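Before I ask anything, here is the structure I am working with.
These numbers come from a predicted model, not from an experiment. Naming: A, B, ... by sequence-line order, numbering from 1 per chain.
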Amino acid sequence: MSMIDIKVAAVEQVTPLVKHFTFVKRDGSPFPAFSGGSHVVVSMNVGGRVHRNPYSLMGSPADTDAYHISVRKQEQSRGGSVFMHENVEVGTSLQITYPVNLFSLAKKAHKHILIAGGIGITPFMSQLIDLNRLNANFELHYAFRSPEHGAFADKLKAICSDKLHCYADSKGERLDLLALLSKQPLGTHVYVCGPNPMVVAVIETARNLGWPENHIHSEQFLSPGIGEPFKIQLAKSNIEVHVPAEMSMLEAIEAAGVEADYLCRGGVCGRCEVNVLESDGALLHHDHFLTDAEKAAGKKIMPCVSRARCDRLVLDL
Amino acid sequence: MALAFKQETFRNDYKYSNSPNAIKRFPFPFAEDQYMYSVNIEPHVKGKTGSVSEFAFDVDEHYVGECLDKQLTLDLDRGRYAALPHMMDAQWDFVELTMEALSNDYPEHFSLKKEGLNWTWENKPLNIKQSFVFGDASTMPMDPFEFMSKQVQGDFVLLDQRDETLYADAGFVTSQADWSLAFDVGMSWREWHAPVPRATELGVMDRALKYLLNLQLGSPVRRLNWTMTVNPRLDTSPENYPLWGTDRNTVNPENVADKVHLRVELQSLFRLPRSNGIVFSIRCYLMSLRELSSYPRWAKRLHRVQKTMHPDLIEYKGMTKFHPMMVEWLSQFDDGSAMAVGTQPE
């Protein structure tokens, strides 16, 4: 996979939990342009182990001098976000992938409703620039715990003016999804990024109102999650790999020196899909990619986020 | 290497031929004795010096002739170019991709000067010089995609990605092998591949789509496709079938070697940055059976491939009329001995 060598040009504490990072290319050349909603996967060396986390690009897609990401320090971090907060400073060298967009705007939509919860605002930061440039009809609904956690609210006001609607939970402000989604004209698309309950609520509200499935868009990168340790056999490589509790299957495979394909590392894109040759227990599918039928069949697994409770699990790798 | 551009025609008198060097670098597609439809996608990485995959877009001795033929075809039928309104970002992506690639790879023929968004493009072989503001279509003499499609060999389709599939929402298609942009524009992946026999049942199209939906910026891919064409004609469109379809009846044992051409498409796909679209580039190479037989290994291989071709595919590729004559002519090169896998000329 092609990677871009970068160094950190600026770090800014945006809220008590969120830091904003500005990247420039190490060779000084411009980055590729990107489309609103894109993310990059940042590789970091955490105590000799490579962590790769996806983060949305936030700046203007036309600004190719620098890339911008924001990282929320996770309470139950497996190491990546804490490393970004505590070890990455101006001058730090890192590697990132080329931008990937799994959350792009529907170009033929008549109207766009963007709904963000907390750090879920990040993919919208670049989409808003595209929407303004295209002179599109849109509304941004941004919910956060309290005003001090409303990262970028001032910046957003400048970009969106009266199209911005903020909801601070601490002030008792609530976003009424049913009221919002039930009054939209035909041809409206809704996009949601935020914590799981919010994503589920938006999808279900829209579905119940009869919105077509392809007008409902969501993005939620899953962290691999901590689970029970287990062992896997890699058939082609002919080795056994131990997957520790706080490591994903994909990370363990990589740590064993086996090259595995990946793209989003968040259970969304399907790129890391691997065939299960044998298993004698339960596959714990956590991805958004496989269909329920595929999950039940147990022939495939996404090692970036999924786990297993098996004595014997043989993968085609 | 300085290129000598030939004066050629791809219709009427068919003044077209390949130099020995063009024959040698021809992207011969058959590594094995039997042809099987497959995804066969590989990374579009820099190939050997002088090969057709050395650069992102290959410019060769047919450049000027092909570009003039494109314009002729478009003048006769404006429907060969189409772009739906939501594809404007993809149009500019295409301009950037092609201008940067050509000016970097062929600096003696093309140049691109940038001062912020003020760009100046110069194409010496076609004698074009154009200053414009990147992103502002009003500063271009025509749609930006049309402007550059005319200056790169091959056909181009811009694909929009939505609803977990790809839509052919813009295109400049003048050298197609019997398909039509006018029919296909706005169609989804599954719709425009529906006629391909045996591919759907093999699951080839689903796998290819899944792969392309994950195509990454900075990591283009390519594949070869092929058919046989009577006469070195670029425009074998369904619209113009009356102009070329009957040529199939003119093949006889005396002229088969000069009339029948192997038509190879170097298809490459690039993810586009601003639009998140994909450009599908289809570059066509034509070589007569006689030119091909300057490398007997190729003629021998083609004989075996054609002899064992599934009847559905012979029909689909429009070869039914002249197929037996072609196999017969090629048979003189085949002594029946085993051949190693590979596409090299000799």
Report task. With a 4.5 angstrom heavy-atom cut-off, could you sort out which part of B:Asp93 is near chain A: side chain, backbone, both or neither? Result ->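 When you check distances to chain A, no heavy atom of B:Asp93 falls under 4.5 Å.
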
Report task. Kindly indicate whether a cation-pi arrangement holds for B:Arg162 with B:Tyr167, taking the cut-offs as under 6.0 Å to the six-membered ring centre and within 45° of the axis. Result ->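 That pair qualifies as a cation-pi contact.
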
Requested in this report: Any chance you could lay out the side-chain hydrogen bond (donor to acceptor under 3.5 Å, both in side chains) test for B:Arg223 and B:Gln267, step after step, and finish with the verdict?
Outcome: CA-CA 5 Å; B:Arg223 67 183 287 263; B:Gln267 304 181 338; 2.7 Å; yes

Report task. Pick one of side chain, backbone, both or neither for A:Pro99, based on which atoms fall under 4.5 Å of a heavy atom in chain B. Result ->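 Backbone plus side chain of A:Pro99, per the 4.5 Å heavy-atom cut-off to chain B.
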
Query raised in the report: What part of A:Ala106 lies closer than 4.5 angstrom to a heavy atom of chain B: side chain, backbone, both or neither?
Result: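 Neither part, no heavy atoms under 4.5 Å.
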
**Report entry** A:Glu294 side chain to A:Lys300 backbone, donor-acceptor under 3.5 Å
**Finding:**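 Checking the backbone N and O of A:Lys300 against the side chain of A:Glu294, no donor-acceptor pair under 3.5 Å is found.
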
Report task. Please confirm whether the backbone N or O of B:Phe147 pairs with a side-chain atom of B:Gln151, one donor and one acceptor, at under 3.5 Å? Result ->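 Pair found, side chain donor or acceptor close to backbone of B:Phe147.
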
Report task. Under 4.5 Å heavy-atom distance to chain B, tell me which part of A:Glu213 shows up: side chain, backbone, both or neither. Result ->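 It is neither, since no heavy atom gets under 4.5 Å.
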
**Report entry** Selection from A:His215, A:Glu273, A:Arg133 maximising heavy-atom pairs under 4.5 Å formed with chain B
**Finding:**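 When all of A:His215, A:Glu273, A:Arg133 are compared, A:Arg133 has the most.
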
Report task. For B:Ser188 and B:Glu191, run side-chain hydrogen bond (donor to acceptor under 3.5 Å, both in side chains): C-alpha distance rounded to whole Å, both residues' side-chain angles, the deciding distance at 0.1 Å, then the answer. Result -> CA-CA 5 Å; B:Ser188 72; B:Glu191 290 171 312; 3.2 Å; yes

Report task. Could you look at A:Phe31 and say if it's the side chain, the backbone, both or neither that has a heavy atom under 4.5 Å from chain B? Result ->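 When you check distances to chain B, no heavy atom of A:Phe31 falls under 4.5 Å.
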
